[in-house]
Novice: 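Input: one structure, supplied below.
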Amino acid sequence: MHLNPEQKKAAEQIEGRVLVLAGAGSGKTRVIIQRMLYMIQIKNIAPTAILGLTFTNKAAKEMQERLKKELGKPADQVFLSTFHSFCVSVLRADICRLGYTKKFSLYDEKDIQRLVKNIVKELALETTLSTQEILQDMQESRTKGKNPSSPEVKQVVDRLFLALRAYNALDFDHLLEMTCQLFEMHPAVLEKYQDRFRYISIDEYQDTNPVQFRLAELLAKKHRNLFVVGDDDQSIYGFRGADMQNILRFSYDRLIKLEQNYRSIPHILDAANQLIDKNQDRHKKTLWCDKKDTSKISIFHAPSEEKEAEAIVERLLRLITQRGYAFKDIGILYRSNILARTIEKALLSARYWKKGALHQGIPYEVFGGLSFSERAEIKDLSAYLKALVNPNDQESLLRIINVPRKGISAPTLDTLTKKARQTGVSLYSLFTHIDQEEISSRGKNGIKSFVSLFEETKQRLQNKPYFPTLSWFLEEIDYKRAIEEEVKSEKMQRFKWENVEAFLASLEAFEQDHPDQGLEDFISASSLTKTPLHRKQDEDTVKLMTFHSAKGLEFTACFLLGLEDHILPHEKSQEEKNYEEERRLFYVGITRAKQYLCLSMAKERAKMGKKVRCNPSRFLFELPKNSLSIESHQL
DNA sequence: TAAATCCGCCTTTTT
DNA sequence: GGCGGATTTA
């Protein structure tokens, strides 16, 4: 692997605090991999002393694979994972010091929302804040590591934490918070990790929030070897608590800028550079390349969103027929998911010739929407497992106690949960002595049959493998029939059942790959990743996704659509006068393209069922005219 | 308890 | 315009 001089500097700077500002397409993953190789092969550093933190599973997996290709088996000893998975493994070992047990459950945002809703209802707060606003305030105060803005919200947060503790459950933010707490309250534990991971690197550092910052600083405090890579110009997760100041004010011993771009042609880079230069709050850098292709960026204005979509499809087909591109070389990107609708329709009805035959429908995949672990049936299955592993997990228990339906009504459950809270007894232990409760006999019978099956399943789960027990359990509760009764369309039933099978298959695969790990490890691994654990190959399809999900990817050809004021910058961002992040978002979109980039907008667009007139995005006027080729929407 | 209707939402969302 | 969640109704 050849490195340019700047990349080489970065790869060979092993000691101290190093900040690498890596522009889009500047080969930063290559640098991280080379650096690890250099440490292990040249500097004789033990692979186990290296920790690499990333934000996505995809990035972690890619790094592990690339490292393995170069290094072989020792690559497995390098600890490469997401912040969250790293925290899970720390907490599994030592969370007992914080009053939890290692079989804790993980709650996702939806679970927390439900829980908070109930808490708000129960507290009957005298406040004008909606549950939504409370959630938002809570979220913000937590990621920023400060106090909520009102006493009511504080009350809700306190209550939420009490509930989570009683249920032996954590949410995603908690994983980070608790790990920090553990390290701060138990220096010996921290020191164990400091001494093990003497060399730490963090990817996409511009996306760290204050808690992640704290965590990284704690880990690196003793040996001071912290290597962070990022691009402040690509910080687009501010709305989730990411704090750009972390990268802008990182105190470094050495700063290295990677500005040579290996991805895009000159006009695309010119446009990107000139656009982002309008931002004030940034480390100044300018991307350059040595490519000679002088093609310009296409741009057109269509009379309607339908016409815009058709015009994109037409251009897309030209790329295929005239330039020999494959579908998978093409990305269609937009600000928000709703914008996918119109373009999908146009892709479905497109007709084209391929290998002498007339085809209808361009193959495509839409990214985003409900991820695997968020689908109702998958949430049911993991709720079963969570409750089996951790019977204190009241939320999971409530989710599945009446699935499939067995006559346990909401009021019955309300009575029981209230009693559980007041007496400090877990809901499940009330279930096991249900005869003593005053509830309907139908409810009693339902709960009794649930408890006996549950107990038997727990017995069977004492022994590995778990997979046959789960299959047996699903047969027992006749989950397939429950799905069939729940949803009408046959297509949907099939889809859901396939998901169930995929989940079972992933349990089986996990057990084979990790024979020494427990069921709780499988559950957290599967709730920390969006896709089922085994993934299909990259198919030859056009990819549709938001600017946000496109970060880190590249396409030979890119279409950015809906570039209208109110969409980009989004109207809700305008209220906060926060244009800079929106500009970065556009920058991320532009820099995804290697050879061909097409920008488009429509004069009118449906908004909540009504057509409204739209103006071109103000950002378009910031691009160099010389780099644009203004076209009619009709070719 | 389950079906029917009504209401309010609608930016992005690595984990 | 379309979806999920909550509330009302049978």
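Throughout, a chain's letter reflects where its sequence line sits, starting with A, and its residues are numbered from 1. This is a predicted model, so every value here is computed, not measured.
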Novice: Determine if H548(A) stacks with dT12(B); use a centre-to-centre distance below 5.5 Å and an interplanar angle below 30° as the criteria.
Specialist: no
Novice: Atom OH of Y237(A) and atom P of dT11(B): how far apart are they, to the nearest Å?
Specialist: 17 Å
Novice: Is a salt bridge present between E217(A) and R214(A), judged by a nitrogen-to-oxygen distance below 4.0 Å?
Specialist: no
Novice: Distance check needed: dT13(B) C1' versus Q212(A) CD, whole Å only.
Specialist: 14 Å
Novice: When we call it a touch if two heavy atoms are under 4.0 Å apart, what does L106(A) touch: a base, just sugar-phosphate, or nothing?
Specialist: nothing
Novice: Mind checking whether H570(A) and F239(A) have ring centres under 6.0 Å apart?
Specialist: no
Novice: Within the pair T546(A) and dT13(B), is there a side-chain N or O less than 4.0 Å away from OP1 or OP2?
Specialist: yes
Novice: At under 4.0 Å between heavy atoms, what does R442(A) touch on the DNA or RNA strands: base, sugar-phosphate, or nothing?
Specialist: sugar-phosphate
Novice: State which residues pass side-chain contact (heavy atoms from CB on, under 4.5 Å) with A482(A); sequence neighbours excluded, sorted by chain then number.
Specialist: P404(A), Y479(A)
Novice: Would you classify D173(A) as touching base, sugar-phosphate or nothing, given that sugar-phosphate means primed atoms plus P, OP1 and OP2, and contacts are heavy atoms under 4.0 Å?
Specialist: nothing
Novice: When the distance from NE2 of H570(A) to P of dT13(B) is rounded to whole Å, what number comes out?
Specialist: 12 Å
Novice: Considering just the side-chain nitrogens and oxygens of N337(A), establish if one lies under 4.0 Å of OP1 or OP2 belonging to dT11(B).
Specialist: no
Novice: With a 4.0 Å cut-off on heavy atoms, is S549(A) in touch with a base, just the backbone sugar-phosphate, or nothing at all?
Specialist: sugar-phosphate
Novice: Nearest whole Å is fine: how far is dT15(B) P from K58(A) NZ?
Specialist: 10 Å
Novice: Whole angstrom is fine here: how far is it from CZ in F172(A) over to P in dT13(B)?
Specialist: 15 Å
Novice: Please report, rounded to the nearest Å, how far the C1' atom of dT15(B) is from the CD atom of E177(A).
Specialist: 13 Å
Novice: Given dT12(B), dG2(C), dT15(B), which nucleotide is nearest the side-chain atoms of S336(A)?
Specialist: dT12(B)
Novice: Syn or anti for dT11(B), with syn set at within 90° of 0?
Specialist: syn
Novice: If you take the centroid of each ring, where Trp contributes its six-membered ring, are Y205(A) and F227(A) closer together than 6.0 Å?
Specialist: no
Novice: Can you tell me if the side-chain N/O atoms of T56(A) get under 4.0 Å from OP1 or OP2 in dT15(B)?
Specialist: no
Novice: With a non-hydrogen cut-off below 4.0 angstrom, is E582(A) in contact with a base, only sugar-phosphate, or nothing?
Specialist: base
Novice: Flag the pair Y237(A) / F55(A) as yes when their ring centroid distance falls below 6.0 Å, and as no otherwise.
Specialist: no
Novice: So what does E109(A) hit on the nucleic acid, given a heavy-atom distance under 4.0 Å: a base, only sugar-phosphate, or nothing?
Specialist: base
Novice: Rounded to whole angstroms, how far apart are CD on E305(A) and P on dG1(C)?
Specialist: 12 Å
Novice: So for R240(A) and dT12(B), does any side-chain atom that can act as donor or acceptor lie under 3.5 Å from a complementary atom in the base?
Specialist: no
Novice: With sugar-phosphate meaning primed atoms plus P, OP1 and OP2, does K117(A) contact a base, only sugar-phosphate, or nothing at under 4.0 Å between heavy atoms?
Specialist: sugar-phosphate
Novice: Rounded to the nearest angstrom, tell me the gap between atom CZ in R114(A) and atom P in dG5(C).
Specialist: 10 Å
Novice: Would you give me the side-chain donor-acceptor pairs under 3.5 Å for residues 80-90 of chain A, sequence neighbours excluded?
Specialist:
residue, atom, partner, partner atom, Å
S81(A), OG, F86(A), N, 3.4
T82(A), OG1, S85(A), N, 3.0
T82(A), OG1, S85(A), OG, 2.9
S89(A), OG, F86(A), O, 2.9

Novice: Can you tell me if F83(A) is stacked onto the base of dT15(B), using a 5.5 Å centroid cut-off and an angle below 30°?
Specialist: no
Novice: Return the 5'-most residue of the pair E581(A), A410(A) with respect to DNA chain B, ranking by each residue's nearest nucleotide.
Specialist: A410(A)
